[in-house]
Amino acid sequence: MDQQLDHSAIDAAARALEQGALVAFPTETVYGLGADAENPAAVAAIYAAKGRPQDHPVIVHLAPGAPLHYWASEIPQEAHALAEAFWPGPLTMILKRAANIPDAVSGGQDTVGLRCPSHPVAIALLRAFKGGRGGVAAPSANKFGHVSPTLAQHVRDEFGADGSVAMVLDGGASQVGIESTIVDLSRLKTHGPVLLRPGHISAEAIAAVIDQLPAAPDAAAPRASGTLESHYAPHTPVAMQDSETLRITLADLARAGRKVALIHYTDMPATHAALRLPATPDGFAHALYAALRAMDGQGADVILVEAPPTNGSWLGVNDRLRRAAHGSTGIVHGLLNRQPGA
Ligand code: TXA
Ligand code: MG
């Protein structure tokens, strides 16, 4: 694995981060837009580049073995157990923040999100940055509310023109394909563990380590922008339908002269554009964001998605699809009842 790493590019990226620049890098979930977590001006530059509200906290990425107590305080035993079980990997833990965390990282909250990614390029970058003792604040490397990037080219498509990103490290396609699972442990004693964002690591897998099943978020749970109703959205409207309804809709929209870009996993009639994804949760998640971006570029009136099963291991995929479709309620009805071009 190590032979494939471009060490000179990774070292250059680490130096750029140390100097306060923004660097995009691959992780196993999605690409991140990184800055030195201890440099408030650099973190502010992430918000500016993304067009993201200032009060949304960012995840701090750590090298394997980095001491949690430098970043967090009142760390429960459960956090150490989860780090031991799932790091490096697609799990973010929300903990009480340590005094030295800049407000810009925590969005003014009294917590910090920590994660140790498993992508070899991310690990090499985190080890090269400040000798492995730093933290890289990184949201997904996309404009606020848009689809997260799973290829270096997606990042260039988002930020290439505006000069805000000093370097994009290329690590190929992100293997997991949807963002990390976020579990809040900052209120463990009073509220137990809370699942703020579903992902590849399931609530059940977390429960197997800490003997408590993470609950759904309550009103007082820490805010997470990835949990906004509308998020992860392409520019083309998105609608999700079960397989049977979808077949009828495809025929109706074809008759009405509408262009459909289709994302599906069972046999479907031909459309203007279509991508068939694997019928497994991991395979579907891996391909989902690239598919949404590709279908967004087809000049279609709507992106129709065949609704996946709703059982446990599909939770992360369903969560992202629901948010991608949130702003498009009524789109199919509208397309059937208006003249094309209207
Ligand atoms: O897989 C991932 O988590 C990717 C890669 C790059 O690591 N990152 C990512 O970052 O998805 P972002 O910023 O797009 O989403 C992180 C989510 C946001 O919804 C943010 O509000 C939440 O994590 N978050 C971060 N710190 C938090 C905190 N202290 N309290 C509550 N939520 C937090
Ligand atoms: Mg994001």
Side-chain angles (χ1 to χ4, degrees), residues 22-35 37 43 46-47 49-62 71-73 79 86-98 101-119 121-123 125-126 135-150 152 154-155 158 168-169 171 174-187 194-201 217 220-233 285 289 316 319-320 323-324:
L22 302 187
V23 168
F25 62 100
T27 85
E28 73 281 19
T29 57
V30 300
Y31 276 68
L33 183 59
V43 176
I46 300 179
Y47 287 81
K50 278 187 64 107
R52 185 190 224 211
Q54 296 282 340
D55 62 346
H56 287 207
V58 282
I59 295 171
V60 178
H61 296 70
L62 305 175
W71 301 97
S73 64
F86 297 118
W87 283 2
L91 179 73
T92 296
M93 298 192 288
I94 308 296
L95 299 169
K96 290 271 186 240
R97 69 165 161 162
I101 304 291
D103 265 349
V105 165
S106 66
Q109 306 187 52
D110 64 352
T111 55
V112 63
L114 299 176
R115 154 163 139 80
C116 173
S118 66
H119 194 294
V121 172
I123 290 180
L125 177 66
L126 290 163
V136 173
S140 51
N142 53 275
K143 302 280 182 182
F144 184 66
H146 194 220
V147 182
S148 300
T150 54
H154 296 159
V155 182
E158 295 267 340
V168 180
L169 289 175
S174 294
Q175 202 211 322
V176 174
I178 58 172
E179 302 78 359
S180 60
T181 303
I182 305 181
V183 63
D184 176 28
L185 301 174
S186 69
R187 305 174 305 154
V194 175
L195 190 71
L196 295 185
R197 183 172 69 184
H200 180 72
I201 294 176
R223 289 167 287 120
S225 65
T227 63
L228 291 177
E229 279 309 317
S230 178
H231 215 73
Y232 313 116
Y289 287 153
D319 171 78
R320 303 314 189 277
R323 295 178 207 286

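Order of appearance sets the numbers: ligands from 1, and atoms from 1 within every ligand.
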Tell me whether [X] contacts the main-chain N or O of [Y] through its side chain, where contact means a donor paired with an acceptor under 3.5 Å.
X    : Y    : value
Y31  : S174 : no
S106 : Q109 : yes
Y232 : D319 : no

Quiz prompt | Stepwise salt bridge (Lys or Arg N to Asp or Glu O under 4.0 Å) check, K96 with D110 | solution = CA-CA 6 Å; K96 290 271 186 240; D110 64 352; 3.4 Å; yes
Counting from 1, what ligand 1 atoms have a heavy atom of [X] closer than 4.0 Å?
X    : answer
T29  : 1 (O), 2 (C), 4 (C), 5 (C)
I182 : 17 (C), 22 (C), 23 (O)
V112 : 29 (N)
S180 : 1 (O), 2 (C), 3 (O)
R197 : 2 (C), 3 (O), 9 (C), 11 (O), 15 (O), 16 (C), 17 (C)
H61  : 5 (C), 6 (C), 7 (O)
G32  : 6 (C)

Under-4.0 Å heavy-atom contact with ligand 1, by part of [X] that carries it:
X    : result
R115 : side chain
M93  : neither
E179 : both
V58  : backbone

Quiz item: Which one of V30, L95, T27, T181 has a non-hydrogen atom at the shortest distance from atom 4 (C) of ligand 1?
Solution: V30
Quiz prompt | Closest to atom 24 (N) of ligand 1 among A137, P90, P57 (heavy-atom distance) | solution = P57
Self-check item: Any N, O or S atom of N142 closer than 2.8 Å to the Mg ion (ligand 2)
Solution: no
Evaluate [X] for polar contact with ligand 1, using N/O atom pairs at a separation under 3.5 Å.
X    : value
S140 : yes
T111 : yes
Y31  : no
R52  : yes
H56  : no

Quiz prompt | Distance (rounded to the nearest 0.5 Å) between T150 OG1 and I178 CD1 | solution = 11.5 Å
Quiz item: How long is the span from the CG atom in L62 to the CD1 atom in I123, to the nearest 0.5 Å?
Solution: 12.0 Å
Practice problem: Identify the two heavy atoms, one from D103 and one from R97, that lie closest to each other, and give their separation to 0.1 Å. | Solution: OD1-NH2, 2.7 Å
Self-check item: Student check: side-chain heavy atoms of H61 and L126 closer than 4.5 Å
Solution: yes
Practice problem: Report yes if the side chains of H119 and F25 come closer than 4.5 Å at any heavy-atom pair, otherwise no. | Solution: no
Exercise. Taking the six-membered ring for Trp and the full ring for Phe, Tyr or His, determine whether the centres of F144 and H56 are under 6.0 Å apart.
Key: yes
Practice problem: Identify which one of E158, E179, H231, R320 satisfies the side chain to side chain donor-acceptor pair (under 3.5 Å) criterion when paired with S148. | Solution: E179
Quiz item: Between the side chains of T29 and R115, is a donor N or O closer than 3.5 angstrom to an acceptor N or O?
Solution: yes
